[in-house]
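Keep in mind that this is a model prediction, so the values were computed, not measured.
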Amino acid sequence: MSISRDNLRNVTPYTPGEQPQFAKKIKLNTNENPYPPSPEVEKTLVGLDADKFRLYPDPNTGLLREALAKRYNVTPDQVFTGVGSDEVIALCFQTYFNSGKPILFPEISYSFYKVWADIYKVPYKEIPLKEDFSIDPEDYKVPNGGVIFPNPNAPTSRLESLSMIEEVLKANPDVAVIIDEAYIDFAGEGTSALALLSKYDNLVVTQTFSKSRSMAGMRIGFAIASREMISYLNDVKNSFNSYTLNYPAIVCGAAAVEDEEYFRSTIDRIIETRDYAEKEFKDLGFTFSKPSANFLFVKKPGVPGEEIFKYLRSKNIFVRHFNTEKLKDYLRVTVGTREEMEELFREIRAFLAEK
């Protein structure tokens with residue numbers, strides 16, 4: 001006897017990037033940071049008080065929230081933390097998207113949005129991007145139950161301006177507008193929607209420690225919004241799981257936030273390597289939008305993306321290929337170390353020489 005399918009929730013799950021487990025590889029498929037986290041994180045980890053592992057962690061993650069509040073010039077009650085920005089955004093779906101009207105997000109975007117919408121029974125509408133992969137704010141000036149999009153977008157690496165975001169906010173004063181800023185630290189100064197928080201009470205900005213702070217394995221994400229919006233989010237979290245972040249994550253996260261010098265230096269190294277990769281891809285005849293994240297979204301006209309993907313994989317170089325009609329000729333390539341990128345381009349040149 002088996003359980004009836006009528007009693008189950010059926011969803012199409014999110015497909016993460018491949019995680020090869022062997023040592024000799026170049027992993028450029030999941031947008032991880034190629035450099036270690038701040039040395040202060042390691043010092044904090046080594047110095048942890050093991051006796052505290054028998055106690056529940058601080059459900060309010062006060063140490064981390066205070067560090068983030070100071071860093072982003074807000075108050076601690078404007079900060080929400082969770083297990084990666086994925087959990088934070090999932091809780092945002094449960095908290096803010098309950099009107100029964102469809103929420104709006106780009107058709108080419110973070111594919112987890114559809115998964116969460118299906119899981120939480122949130123109706124949604126995918127909005128096509130323009131030919132250049134940019135968002136047309138006019139498409140978001142229709143009745144809806146909320147808006148969410150990444151900036152820079154994933155997988156395109158394209159950055160939208162604050163003026164465009166503000167246009168969307170002005171058109172949607174009665175619903176939550178969530179800007180998913182997983183990659184914003186690679187986009188340059190003055191690009192974060194956090195600059196608009198004081199003007200728009202319905203704005204929620206999410207970020208993560210997985211990319212610019214090199215802590216994907218620690219799983220830390222956060223949201224910053226008005227006190228009222230954060231209070232709603234906390235109500236839902238505390239009705240689901242009060243202890244989302246563990247003790248090591250809280251104290252190591254705070255240590256990472258406080259080491260601003262290392263944070264800046266790592267970002268600068270990645271941007272420098274990204275500039276190098278742009279030139280190399282251009283010289284090889286690839287086309288792409290100006291990247292603003294720690295990855296590039298590229299295609300080689302006349303060459304199927306899957307062919308390049310499979311060739312690189314045979315050389316233990318992993319990039320991301322999306323096997324959909326609109327994206328099948330593109331590759332998303334994480335910016336690795338300079339040495340990793342040089343090896344990538346040697347192999348691409350070898351592949352193209354055989355064509």
May I have the list of side-chain donor-acceptor pairs in residues 145-155 shorter than 3.5 Å, sequence neighbours left out?
{"unit_1": "N151", "atom_1": "OD1", "unit_2": "E160", "atom_2": "N", "d": "2.6"}
{"unit_1": "N151", "atom_1": "ND2", "unit_2": "E160", "atom_2": "O", "d": "3.1"}
{"unit_1": "N153", "atom_1": "ND2", "unit_2": "I108", "atom_2": "O", "d": "3.0"}

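- With salt bridges taken as basic N to acidic carboxylate O contacts below 4.0 Å, one links E342 and R338.
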Check against side-chain hydrogen bond (donor to acceptor under 3.5 Å, both in side chains), N202 and N172: CA-CA 9 Å; N202 61 324; N172 294 278; over 6 Å; no
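- Between G336 and T273, the shortest heavy-atom contact is O-CG2, 3.6 Å.
- With a 6.0 Å radius and a threshold of 12 heavy atoms from other residues, nucleotides or ligands, E42 has its CD atom at or below the threshold.
- You'll find the side chain of L104 reaches within 4.5 Å of the side chain of V142, heavy atoms only.
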Show me the donor-acceptor pairs within less than 3.5 Å that the side chains of residues 112-124 make with the rest of the protein, sequence neighbours left out.
{"unit_1": "Y113", "atom_1": "OH", "unit_2": "D180", "atom_2": "OD2", "d": "2.7"}
{"unit_1": "Y120", "atom_1": "OH", "unit_2": "Q94", "atom_2": "NE2", "d": "3.2"}

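- Two residues are said to be in side-chain contact when any heavy atoms from C-beta on lie closer than 4.5 Å; D201 and E228 fail this criterion.
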Before you tell me yes or no, could you show the steps for K310 and E306 under salt bridge (charged side-chain N to carboxylate O under 4.0 Å, His left out), namely the whole-Å CA-CA distance, both residues' side-chain angles and the distance that decides it to 0.1 Å? CA-CA 6 Å; K310 288 182 176 179; E306 188 173 16; 3.4 Å; yes
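- Residues satisfying the salt bridge (charged side-chain N to carboxylate O under 4.0 Å, His left out) criterion with E87, sequence neighbours excluded, are absent altogether.
- Linking ILVMFWY residues whenever their side-chain heavy atoms come closer than 4.5 Å, directly or via other members, leaves F105 and V168 in distinct clusters.
- Looking at residues two or more places apart in sequence or on another chain, you find no salt bridge (charged side-chain N to carboxylate O under 4.0 Å, His left out) involving E261.
- Hydrophobic clustering, with ILVMFWY side chains joined whenever heavy atoms are under 4.5 angstrom apart, groups Y276 together with I267.
- Ion pairing of D132 with R158 is present here, as a side-chain N (NZ or NE/NH1/NH2) and a carboxylate O approach within less than 4.0 Å.
- At a threshold of 4.5 Å between non-hydrogen side-chain atoms, the residues I178 and F97 count as touching.
- By the criterion of side-chain heavy atoms lying less than 4.5 angstrom apart, applied directly or through intervening Ile, Leu, Val, Met, Phe, Trp or Tyr residues, V298 is grouped together with V303 in one hydrophobic cluster.
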Less than 3.5 Å apart, which donor and acceptor atoms pair up between the side chains of residues 187-199 and the rest of the protein, not counting sequence neighbours?
{"unit_1": "E189", "atom_1": "OE2", "unit_2": "R264", "atom_2": "NH1", "d": "2.8"}
{"unit_1": "E189", "atom_1": "OE2", "unit_2": "R264", "atom_2": "NH2", "d": "3.4"}
{"unit_1": "T191", "atom_1": "OG1", "unit_2": "G188", "atom_2": "O", "d": "2.8"}
{"unit_1": "S192", "atom_1": "OG", "unit_2": "E181", "atom_2": "OE1", "d": "2.7"}
{"unit_1": "S192", "atom_1": "OG", "unit_2": "E181", "atom_2": "OE2", "d": "3.4"}
{"unit_1": "S192", "atom_1": "OG", "unit_2": "L194", "atom_2": "N", "d": "3.1"}
{"unit_1": "K199", "atom_1": "NZ", "unit_2": "E166", "atom_2": "OE2", "d": "2.5"}

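- When each of D86, V88, I224 is paired with T206, the side-chain contact (heavy atoms from CB on, under 4.5 Å) condition holds for V88 and for no other.
- For S85, there are no side-chain hydrogen bond (donor to acceptor under 3.5 Å, both in side chains) partners at least two apart in sequence or on another chain.
- Here D329 does not pair with K299 in a salt bridge; the nearest charged N to carboxylate O distance is not below 4.0 Å.
- With sequence neighbours left out, the side-chain hydrogen bond (donor to acceptor under 3.5 Å, both in side chains) criterion links K282 to no other residue.
- Counting heavy atoms from C-beta on, the side chains of K328 and F322 never come closer than 4.5 Å.
- At distances below 3.5 Å, not a single donor-acceptor pair connects side-chain atoms of S134 with backbone N or O atoms of K130.
- With sequence neighbours left out, the salt bridge (charged side-chain N to carboxylate O under 4.0 Å, His left out) criterion links E340 to no other residue.
- Atom CG of N73 sits in a sparse spot, with 12 or fewer heavy atoms from other residues, nucleotides or ligands closer than 6.0 Å.
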Apply salt bridge (charged side-chain N to carboxylate O under 4.0 Å, His left out) to residues R71 and E260 and explain how you reach the verdict. CA-CA 9 Å; R71 167 65 175 78; E260 185 72 13; 2.8 Å; yes
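- In this structure, R274 fails the cation-pi test against F186, since its NZ or CZ atom is not both closer than 6.0 Å to the six-membered ring centre and inside 45 degrees of the ring normal.
- Grouping the Ile, Leu, Val, Met, Phe, Trp and Tyr side chains by contacts below 4.5 angstrom, directly or via other members, places V204 apart from V74.
- Between E272 and R269 no salt bridge is recorded (no basic side-chain N to carboxylate O distance below 4.0 Å).
- Side-chain contact between Y183 and T208 is absent, with no heavy-atom pair separated by less than 4.5 Å.
- Looking at D139, D136, N144 one by one, the single match for side-chain contact (heavy atoms from CB on, under 4.5 Å) with I127 turns out to be D139.
- Salt bridge absent: D275 and K279 never bring a charged side-chain N and a carboxylate O closer than 4.0 Å.
- Side-chain contact between L64 and F209 is present, with heavy atoms from C-beta onward closer than 4.5 Å.
- Scanning for side-chain hydrogen bond (donor to acceptor under 3.5 Å, both in side chains) contacts around D174 gives an empty result, with sequence neighbours left out.
- The side-chain heavy atoms of V177 and Y200, taken from C-beta on, include no pair separated by under 4.5 Å.
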Can you list the steps and then say if M229 with Y96 is a side chain to side chain contact (heavy atoms under 4.5 Å, CB included)? CA-CA 9 Å; M229 293 294 275; Y96 304 128; 3.6 Å; yes
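- By the side-chain hydrogen bond (donor to acceptor under 3.5 Å, both in side chains) test, T334 pairs with N31, sequence neighbours left out.
- Of all heavy-atom pairs spanning L296 and P291, the tightest one is CD2-CG, 3.9 Å.
- At most 12 non-hydrogen atoms from other residues, nucleotides or ligands lie less than 6.0 angstrom from CZ of F240.
- Checked by atom type and distance alone, the side chain of S214 pairs as donor or acceptor with a backbone atom of Y35 at under 3.5 Å.
- To the nearest 0.5 Å, atoms CG (D185) and NZ (K211) are separated by 12.0 Å.
- Considering only heavy atoms from C-beta on, M341 stays 4.5 Å or farther from E280 through its side chain.
- Criterion: ILVMFWY side-chain heavy atoms under 4.5 Å apart, direct or through other members. Under it, I184 and Y72 are not part of a common hydrophobic cluster.
- Relative to the ring axis of F222, R65 does not place its NZ or CZ within 45° and under 6.0 Å from the centre.
- Ion pairing between a basic and an acidic side chain is recognised when a charged N comes within 4.0 Å of a carboxylate O; K141 and E138 show such pairing.
- Under the ring pair (Phe, Tyr, Trp, His ring centres under 6.0 Å) criterion, Y262 pairs with no residue, sequence neighbours left out.
- For the atom pair CG (L352) and NZ (K300), the distance works out to 5.5 Å, reported to the nearest 0.5 Å.
- Distance check, rounded to the nearest 0.5 Å: OG of S38 to CZ of F263 gives 11.5 Å.
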List, one per line, each side-chain donor-acceptor pair under 3.5 Å for residues 242-252, sequence neighbours excluded.
{"unit_1": "N246", "atom_1": "OD1", "unit_2": "A249", "atom_2": "N", "d": "2.8"}
{"unit_1": "Y247", "atom_1": "OH", "unit_2": "D49", "atom_2": "N", "d": "3.2"}

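- Annotation for K237 and P59: closest pair NZ-O, 2.9 Å, computed over non-hydrogen atoms.
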